[in-house]
Each structure stands twice: as C-alpha cells, then as structure tokens.
Colleague: 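Please find one structure pasted underneath; my questions will follow.
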Amino acid sequence: MSELYTGPIIDAHHHVWDLGLGRHPWLAPGARVAHRYGDYEAIKHDYLPADYLRDIEGTGIVASVYMEAEWTPGDALGEVATVERYRERTGVPGAIVAQAWLDAPDVDERLRELAAVPAVKAVRHKPGGPTTPDEAASGRRSLMSDRAWRAGYARLAEHGLHFDLQTPWWNLAEARRLAEDFPDSTLVIDHAAVLTDREPETLSAWRAALEHVASAPNVVVKASGLCVAGQPWTVEANRGPVEDLVRVFGAERVMFASNFPVDGMFTDLPGLVDGYRRILSAFPPDVPRAVFHDTARRVYDPLPLP
C-alpha cells in the first residue's frame, strides 16, 4: 500500500448554477424529473463559484471542469457565456463541457460557435434510450444508434471537441460501436456508466460492459457519481468499483470528478477526496497521480485556479 496521495487534483466534473436566472428547468420550484438519486430537492439552491471554492478548500484541487447543467435547451452559448463570466472573475471553472444537440439541423454551426470559445473542450448530449438492462436486451436503442445523431457526432473531431457520454452501463455496447466508428474522437464516459446499486449480479454485468467498451483506446472514464440513493458515500461501498475502473481502463484513462453539488447530497467534498485517496493508496504512486490529475490534464487541459 502506498502513502496517501498529496499532489495536485483536477476535478473533472462539477456544476455551478444561479437559479435566479431561471435557466435550469429541472431545478425550478415544483419541478421533479426522474433522477438516479431519487429526491433531489436538497440541491435546489444557488451553487456559485464562491460556494465551490469554499467546498474544495484544503482538498488539493488546483483546477476544475464545468459540466453543462441541463440549461434551457437550445441556448448552449448562453450557458457558456454565463460560465465564462464566472471563470473570468474567479478562475472557476478552468474548462467547460458545453451542451450540444447533435441531432439538430444546425449542429455544425453550433459546434463551430462552441469550439471558438477556448475554454470549451467537449460537449454533452444525453442519448436517452433503454432505461433497464432488459430494455437494452430487447433491442431498444439510444440516440447513439440514430443516423442524424451520429452525423452530428461525426463533426466533433473536425471541431476539436471531445464527447462526454452519460448513459447507463447496459448501453455501453452502443458506446463501443460509436468509439470504433469514430476513432478520432475521445469519448468520455461520465459517472462510471451510472452504477446505481452494489448487487453482485449488477457489479458483474457492469464490469463486463466496461471491459467491452474499454477495448476501444479512445474511451476514457470518470470515477464519479458513484453514490447510491438513500445511502452515504463510503470507502467500503466504493473501493471495489473504483479499483475495477483502474484495472479495466488503466489509470491513464480514469479521472477523478466530484459531481458537486449533486453528490453533496451524500458526502462533503473533503470527505470524497479523502475517500478516493484511501482507495487509490492500494496502487503504486503513479496510479493516484494519473487518476487525480494527469488524465484530466491530458483530456481537458483546464486552466489552473488563480
């Protein structure tokens, strides 16, 4: 076992939002959408760069990546402009993953506009699709198999943009085909492919899906969003999944991310970072350095905090 990692950390996935802008429909009073964590009323409050900076104090986080936050559809540039103002004033975030609708008729123009913003490194468009393993086994598919959506995805490499994919593990066969068909685009799997429980049969199927998609060299994964509804985040519950991510992908394709403020429903940020330090201490020192810093630096290259 190595000593606990004390080097620099990049948070590869977090949000900030000002609900007074009225641009986050899912966080509006009375709004309730399906969420893997169940009731999310606890995060329906402003979470601004000052709040994030308070939460990361003493953690070793030196840079961060903003993830689009379900801003009003069709106004990706409005969201980016707002986050850019935060960045200019506070240094948070150092890079941006923007909203993009890949099946929109004007997708090429929108991607060109986003790529013109230096802080924008990637885009996200949740592809929907099967909501259970049985649905996937029955033949239902997500937008990853849609011709128009894939045509939009094909434009990413030309614009120098990565793609962040948030989809459950049972849809990773589609993701594997996407990565293979577009080898010049980096595909980032968000939230460890949404592992929502720790039942042995789930873990076995999840690992098999990860092994399949990891065979594509242009796929990387975020060790993030590993909370389970109704349960606190603990080292004991997450040691196995995090170790699996490292073993399947190799540390050079795994990156730590907080998913704050959402995962703040289950733990505080110093506790989350400390938990990952403890888990990753089981590996040689180069592993936590890659997971905490080097992979995210290579993929997103965020500007450091001032």
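If you're wondering where the values come from, they're calculated on a predicted model, not measured in any experiment.
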Colleague: Answer with yes or no after comparing the ring centroid distance for F260 and H14 against a 6.0 Å cut-off, counting only values under it.
Modeller: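 For F260 and H14, the ring centres are not under 6.0 Å apart.
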Colleague: Can you tell whether the side chains of E109 and R112 come within less than 4.0 Å, N to carboxylate O?
Modeller: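 Between R112 and E109 there is no salt bridge, as every charged N stays at least 4.0 Å from the carboxylate O atoms.
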Colleague: How close do L114 and V120 get, counting heavy atoms only, and between which atoms?
Modeller: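 That would be O-CB, 3.5 Å.
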Colleague: With rounding to the nearest 0.5 angstrom, report the CG to CG distance, L269 to N259.
Modeller: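 The distance works out to 10.0 Å.
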Colleague: For H13 and S224, test the side chains for any donor-to-acceptor distance below 3.5 angstrom and give the result as yes or no.
Modeller: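 No, no side-chain donor-acceptor contact under 3.5 Å.
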Colleague: For the residue pair L280 and Y5, establish whether any side-chain heavy-atom pair is separated by less than 4.5 Å.
Modeller: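 Contact flag for L280/Y5 side chains = no.
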Colleague: Name all pairs fulfilling the ring-ring contact (aromatic ring centres under 6.0 Å, His included) condition that reach into residues 85-112, sequence neighbours left out, sorted by first residue then second.
Modeller: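 As it turns out, the ring-ring contact (aromatic ring centres under 6.0 Å, His included) pairs with a partner in residues 85-112, which skip direct neighbours, are W101-H125.
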Colleague: Report the C-alpha separation of D181 and R177 in whole Å, then their side-chain angles, then the decisive distance to 0.1 Å, and conclude whether the salt bridge (charged side-chain N to carboxylate O under 4.0 Å, His left out) test is met.
Modeller: CA-CA 6 Å; D181 291 344; R177 290 192 294 272; over 6 Å; no
Colleague: Considering all heavy atoms of both residues, which atom of A122 and which atom of L161 are nearest to each other, and what is their separation?
Modeller: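 Closest pair (atom of A122, atom of L161, distance): N-CD2, 4.1 Å.
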Colleague: Salt bridge (charged side-chain N to carboxylate O under 4.0 Å, His left out) for R247 and E243? Distances and angles first, verdict last.
Modeller: CA-CA 6 Å; R247 292 183 181 123; E243 289 181 347; 3.6 Å; yes
Colleague: Could you check whether S142 and N171, counting side-chain N and O atoms only, form a donor-acceptor pair closer than 3.5 Å?
Modeller: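 Looking only at side-chain atoms, S142 and N171 do not form any donor-acceptor pair under 3.5 Å.
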Colleague: Looking at side-chain heavy atoms only, is the closest gap between L53 and V92 below 4.5 Å?
Modeller: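 They are in side-chain contact.
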Colleague: Determine all donor-acceptor pairs shorter than 3.5 Å in which one atom belongs to a side chain in residues 281-290; sequence neighbours excluded.
Modeller:
from: S281; atom 1: OG; to: R278; atom 2: O; distance (Å): 2.7
from: R289; atom 1: NE; to: D294; atom 2: OD1; distance (Å): 3.0

Colleague: Check whether T295 reaches the backbone of E252 with its side chain - one donor and one acceptor, N or O, closer than 3.5 Å.
Modeller: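 Such a contact is found between T295 side chain and E252 backbone.
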Colleague: Would you compute the distance between atom CG of L195 and atom CG of L203 and round it to the nearest 0.5 angstrom?
Modeller: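 So the CG of L195 and the CG of L203 are separated by 5.5 Å.
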Colleague: Working to the nearest 0.5 angstrom, can you tell me the gap between K121 NZ and Y300 OH?
Modeller: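 Spacing of NZ (K121) from OH (Y300) equals 11.5 Å.
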Colleague: Roughly how far apart are D190 CG and K222 NZ, rounded to 0.5 Å?
Modeller: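 Rounded to the nearest 0.5 Å, the CG-NZ separation comes out at 4.5 Å.
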Colleague: Between D18 and R23, is there a side-chain N and carboxylate O pair less than 4.0 Å apart?
Modeller: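 Here D18 does not pair with R23 in a salt bridge, since their nearest N and O are not under 4.0 Å apart.
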Colleague: State, yes or no, whether a side-chain contact exists between M255 and F292 at a heavy-atom distance under 4.5 Å.
Modeller: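 They are not in contact (no side-chain heavy atoms under 4.5 Å apart), so the answer is no.
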Colleague: For the residue pair V16 and P49, what are the closest heavy atoms and their distance?
Modeller: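 The pair with the smallest heavy-atom distance is CG1-N, 4.0 Å.
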Colleague: Give a yes or no on whether F256 and W233 share a hydrophobic cluster (residues Ile, Leu, Val, Met, Phe, Trp, Tyr; joining criterion: side-chain heavy atoms under 4.5 Å apart).
Modeller: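 Both belong to a single hydrophobic cluster.
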Colleague: Could you check whether the rings of F182 and Y153 sit parallel, tilted or perpendicular, using 30° and 60° as the cut-offs?
Modeller: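 Judged by the thresholds at 30° and 60°, the geometry between F182 and Y153 is tilted.
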Colleague: When you compare the side chain of D51 with that of P261, does any pair of heavy atoms fall below 4.5 Å?
Modeller: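 The answer is no, as the side chains (C-beta and beyond) never meet within the 4.5 Å cut-off.
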Colleague: Main chain of V80, side chain of E84: is a donor-acceptor contact present, judged purely on distance under 3.5 Å?
Modeller: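 Judged by distance alone, no pair lies under 3.5 Å.
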Colleague: Report the distance from atom CD1 of I189 to atom CZ of R253, rounding to the nearest 0.5 Å.
Modeller: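 CZ of R253 is found 9.0 Å from CD1 of I189.
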Colleague: Indicate yes or no: does R85 engage E88 in a salt bridge with an N to O separation below 4.0 Å.
Modeller: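 E88 and R85: not salt-bridged.
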Colleague: What do you reckon, are the aromatic ring centroids of W26 and W71 less than 6.0 Å apart?
Modeller: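 Here the rings of W71 and W26 have centres that are no less than 6.0 Å from each other.
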Colleague: Can H24 and L19 be said to form a side-chain contact (heavy atoms from CB on, under 4.5 Å), step by step?
Modeller: CA-CA 7 Å; H24 300 87; L19 300 190; 4.1 Å; yes
Colleague: Could you tell me whether D274 and R277 make a salt bridge, using a distance below 4.0 angstrom between a side-chain N and a carboxylate O?
Modeller: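 The answer is no: the pair does not qualify as a salt bridge.
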Colleague: In Å and rounded to the nearest 0.5 Å, what is the CD1 to OG distance from I61 to S258?
Modeller: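 I61 CD1 to S258 OG: 6.0 Å, rounded to 0.5 Å.
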Colleague: Applying salt bridge (charged side-chain N to carboxylate O under 4.0 Å, His left out) to E70 and K126, what does each step give before you reach the verdict?
Modeller: CA-CA 10 Å; E70 304 285 346; K126 296 178 182 178; 2.8 Å; yes
Colleague: Anything under 30° is parallel, anything over 60° is perpendicular, the rest tilted; go ahead and classify Y66 against H15.
Modeller: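 Y66 and H15: perpendicular rings.
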Colleague: Tell me whether the count of non-hydrogen atoms from other residues, nucleotides or ligands lying under 6.0 Å of CZ in R54 goes above 12.
Modeller: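 It does: R54 CZ has more than 12 such atoms within range.
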Colleague: Are W206 and D197 close enough that some pair of their side-chain heavy atoms sits under 4.5 Å apart?
Modeller: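 No; the side chains remain at least 4.5 Å from each other.
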Colleague: Looking at D244, V220, V213, which hits side chain to side chain contact (heavy atoms under 4.5 Å, CB included) with F249?
Modeller: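 Of the listed residues D244, V220, V213, the side chain to side chain contact (heavy atoms under 4.5 Å, CB included) partner of F249 is V213.
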Colleague: Quick one: does I43's side chain get under 4.5 Å of L27's, heavy atoms only?
Modeller: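 The answer is yes; the side chains approach within 4.5 Å.
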Colleague: I'd like to know whether F266 forms a ring pair (Phe, Tyr, Trp, His ring centres under 6.0 Å) with Y37, so could you lay out the CA-CA distance, the side-chain angles of the two residues, the decisive distance to 0.1 Å, and finally the verdict.
Modeller: CA-CA 10 Å; F266 302 88; Y37 290 163; 4.7 Å; yes
Colleague: Please indicate whether E201 has more than 12 foreign heavy atoms, meaning atoms of other residues, nucleotides or ligands, lying under 6.0 Å from its CD.
Modeller: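 Yes, because the 6.0 Å sphere around CD of E201 holds more than 12 heavy atoms from other groups.
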Colleague: Assess the side chains of N238 and R198: does a donor N or O sit below 3.5 Å from an acceptor N or O?
Modeller: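 The criterion, which ignores hydrogens and geometry beyond distance, is satisfied for R198 and N238.
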Colleague: Of all residues at least two apart in sequence or in a different chain, which pass the salt bridge (charged side-chain N to carboxylate O under 4.0 Å, His left out) check with E180?
Modeller: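 Listed in chain order: R176.
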Colleague: Is R150 salt-bridged to D146, going by a charged N under 4.0 Å from an acidic O?
Modeller: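 No, no charged N to carboxylate O under 4.0 Å.
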Colleague: Are any side-chain N or O atoms of W170 and backbone N or O atoms of A209, one a donor and one an acceptor, separated by less than 3.5 Å?
Modeller: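 No, W170 side chain to A209 backbone: no donor-acceptor pair under 3.5 Å.
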Colleague: Mind listing the closest non-hydrogen atom pair of G20 and D46 along with its distance?
Modeller: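 Reported closest heavy-atom pair: N-OD1, 3.9 Å.
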Colleague: Are any non-hydrogen side-chain atoms of V123 and Q99 less than 4.5 angstrom apart?
Modeller: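 They are not in contact (no side-chain heavy atoms under 4.5 Å apart), so the answer is no.
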Colleague: In terms of relative ring orientation, are Y47 and Y52 parallel, tilted or perpendicular, with 30° and 60° separating the classes?
Modeller: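 Answer is perpendicular, since the angle exceeds 60°.
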Colleague: Taking side chain as C-beta onward, heavy atoms only, is I96 less than 4.5 Å from V65?
Modeller: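 The answer is no; the side chains never approach within 4.5 Å.
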